[in-house]
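Everything below concerns the one structure shown next.
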Amino acid sequence: MIAAVVDTRREPTLSPAGADTAPAATPSTVPPRLLPSRALRAWTAILYLGLWLALLAVKRDGASGAASASEALGYRVGSAFGSALVLLLPAAIAIALLSLFKRFRTPLHRMRATFATGLVLAVTATALAGLAAYRDSQKATALAEIRRTGEWMRAALTTPDHPPGDVPDIDTTPKARGVYGEIERGVKILLGQRVTQYRAYMQELDEARLSELFIPNRLARDRGLVESRLILEQSQRVVRKYSQQNQRLLTDVPVTIRSLDLSEQQKDQMVEGAIKARPQQRATLARNWDLERRTLAEFEKMIDLLDDNRRSWRVEQNEIVFDRDSLLNRFRAHQLAVRQLTEERARLEAQQFDSLTAVLR
């Protein structure tokens, strides 16, 4: 009888008899790299191409000052490369930050980061463009309203059959909103101050009866033209009074600006601009009042002409009739000078109005 020998140096197995031996374990395989889809790559390219073209369109006016065609071409090429770098830099920064984490170091995550950065840039650009468009529309509204008010003011003050005392006050309620609406209100306040002063000035001239100076029937009754000279003297005093008040009104412009609902920086900028423009505006005002005095001087020469030739003119059917053509020509020459002075004064008033609206340009 043969005894079975058991090798106790080997561990017993639990596999049943006849079972196949288990295959040896294979080494672990490297997972495949995550690649972006064609759609993601296409949309990313379209997005950045659109941003690039939009940026070039914004900068297209920069080459207008180029001295030659070669310089213009160089500017466009440089602008194209610069715009591309500006757009790609945020995406590069985003990819660099994501690369700090090992799980995001894949082409898919990098493409997603690039696309997301492009979307952020597009949304930001759209928001900024919308804000700029809104500001431009408010600026255009304010400027149009100021011009309309200025045109109405000049028409109301220069209409012959419109009594100065009936000129209404300017409504300072702004049509625009925001900063430009407040600037519009400020300019309307300044225009309203001038209207108020002009209305008082014309009322005092009416009280001095300057509008009646050359009414033929009054001249016929004015012996020695004493009343006419009194009218001129009173009118000259009115001109001196309001020329001084007009200068003080110019000095008070910074006070009006400080009362506006604007930031201190905006107020400082506007006050600085007003102070810089003050010498030119003072010169314009001085010229304006000099024209007023010269107009009265022409009126005085016309009265002197009538006084020195009292027997050479008469009033017929409420018209002055001269016996000699030479006197008529001299009288008409003074009338022409008055008309020219009036036209020059209107041009100066337009310049003053343009200086008020310069802050919106």
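Owing to the predicted nature of the structure, the values given are computational and were not obtained by experimental measurement.
Interatomic distance, Leu341 CG to Thr295 OG1, rounded to the nearest 0.5 Å: 4.5 Å. The structure places CD1 of Ile183 at 6.5 Å from CD of Gln266, a figure rounded to the nearest 0.5 Å. The CD1 atom of Ile303 sits 11.0 Å away from atom CG of Asp308, with the distance rounded to the nearest 0.5 Å. The distance from atom CG of Leu327 to atom CD1 of Ile320, rounded to the nearest 0.5 Å, is 12.0 Å. Note: Arg103 CZ to His109 NE2 = 6.0 Å, rounded to the nearest 0.5 Å. The CD atom of Gln247 lies 10.0 Å from the CH2 atom of Trp289; values are rounded to the nearest 0.5 Å.
Annotation for Leu47 and Ala122: closest pair CD1-CB, 4.1 Å, computed over non-hydrogen atoms. Residues Leu87 and Leu51 approach most closely at CD1-C, 3.7 Å, considering heavy atoms. Minimum heavy-atom separation, Leu348 to Leu291: CD1-CD1, 3.6 Å. Across every non-hydrogen atom of Trp313 and Val315, the tightest pair is CZ3-CG2, 4.0 Å. Heavy atoms only, all atoms of each residue included: Asp222 and Ser228 are closest at OD2-OG, 2.7 Å. Contact between Ile231 and Ala208 at its shortest, heavy atoms only, is CG2-O, 3.4 Å.
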Lys188 vs Val195, side-chain contact (heavy atoms from CB on, under 4.5 Å): CA-CA, chis, key distance, verdict: CA-CA 10 Å; Lys188 285 183 175 180; Val195 168; over 6 Å; no
* To do: Dump the intermediate steps for salt bridge (charged side-chain N to carboxylate O under 4.0 Å, His left out) on Glu233 and Arg229, then the final yes or no.
  => CA-CA 6 Å; Glu233 182 180 348; Arg229 297 188 184 281; over 6 Å; no
Requested in this report: Kindly indicate, with the supporting measurements, whether the criterion side-chain contact (heavy atoms from CB on, under 4.5 Å) is fulfilled by Arg278 and Ile275.
Outcome: CA-CA 5 Å; Arg278 184 178 295 173; Ile275 293 176; 4.2 Å; yes
Can you list the steps and then say if Ser259 with Arg185 is a side-chain hydrogen bond (donor to acceptor under 3.5 Å, both in side chains)? CA-CA 11 Å; Ser259 66; Arg185 187 174 72 88; 5.5 Å; no
query: Please walk me through it: do Arg148 and Glu151 pass salt bridge (charged side-chain N to carboxylate O under 4.0 Å, His left out)?
result: CA-CA 5 Å; Arg148 186 196 64 80; Glu151 292 171 359; over 6 Å; no
Stepwise side-chain contact (heavy atoms from CB on, under 4.5 Å) test for Lys301 and Leu305: CA-CA 6 Å; Lys301 291 177 183 178; Leu305 178 64; over 6 Å; no
Worksheet entry | Verdict with supporting geometry, Glu272 and Lys276, salt bridge (charged side-chain N to carboxylate O under 4.0 Å, His left out) | CA-CA 6 Å; Glu272 182 180 358; Lys276 287 182 179 180; 3.4 Å; yes
Review point. Is there a side-chain contact (heavy atoms from CB on, under 4.5 Å) between Phe299 and Leu232 once you walk through the steps?
Key: CA-CA 8 Å; Phe299 287 163; Leu232 286 173; 3.7 Å; yes
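Contacts classified as side chain to side chain donor-acceptor pair (under 3.5 Å) and involving residues 325-340 (residues at least two apart or in different chains) are given here: Glu298-His334.
Here the rule is side-chain contact (heavy atoms from CB on, under 4.5 Å) with Leu40, and of Leu108, Thr114, Leu35 only Leu108 fits it. Of the residues listed (Gln197, Glu292, Glu204), the one engaging Tyr242 in a side chain to side chain donor-acceptor pair (under 3.5 Å) is Glu204, and it is the only one.
Using a distance-only test at 3.5 Å, with no hydrogens or angles considered, a donor-acceptor pair links the side chain of Lys267 to the main chain of Leu260. With hydrogens and angles ignored, the 3.5 Å screen pairs no side-chain donor or acceptor of Asn288 with any backbone N or O of Thr284. Between the Arg218 side chain and the Leu213 main chain, a donor and an acceptor come within less than 3.5 Å of each other.
Hydrophobic clustering of Ile, Leu, Val, Met, Phe, Trp and Tyr side chains at less than 4.5 Å, counting indirect connections, keeps Tyr48 apart from Val120. By the criterion of side-chain heavy atoms lying less than 4.5 angstrom apart, applied directly or through intervening Ile, Leu, Val, Met, Phe, Trp or Tyr residues, Val179 is grouped together with Met270 in one hydrophobic cluster. No continuous path of hydrophobic side-chain contacts links Leu336 to Phe322 [ILVMFWY only; heavy atoms under 4.5 Å]. Transitive grouping of hydrophobic side chains (ILVMFWY, heavy atoms separated by less than 4.5 Å) brings Val338 and Phe331 into a common cluster. A chain of hydrophobic side-chain contacts below 4.5 Å, direct or via other Ile, Leu, Val, Met, Phe, Trp or Tyr residues, connects Leu121 to Leu49.
A search for side chain to side chain contact (heavy atoms under 4.5 Å, CB included) contacts involving Arg314 returns Glu316, Val321, Asp323, not counting sequence neighbours.
A salt bridge links Glu344 with Arg287; the closest basic N to acidic carboxylate O contact falls under 4.0 Å. With salt bridges taken as basic N to acidic carboxylate O contacts below 4.0 Å, none links Glu227 and Arg221.
Inter-residue side-chain proximity for Thr149 and Glu145 is flagged as met; some heavy-atom pair is nearer than 4.5 Å. Side-chain contact between Leu205 and Met202: present, with at least one pair of heavy atoms (C-beta onward) separated by less than 4.5 Å. You'll find the side chain of Lys241 stays beyond 4.5 Å of the side chain of Arg237, heavy atoms only.
For CZ of Arg135, the number of neighbouring non-hydrogen atoms (other residues, nucleotides, ligands) closer than 6.0 Å is 12 at most.
Judged by distance alone, the side chains of Tyr201 and Gln245 never bring a donor and an acceptor atom under 3.5 Å apart. Between the side chains of Arg112 and Thr106, no donor N or O sits under 3.5 Å from an acceptor N or O.
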Solution key, residues 170-178 side-chain donor-acceptor pairs under 3.5 Å, sequence neighbours excluded:
residue : atom : partner : partner atom : Å
Asp171  : OD1  : Thr173  : N            : 3.2
Asp171  : OD1  : Thr173  : OG1          : 3.0

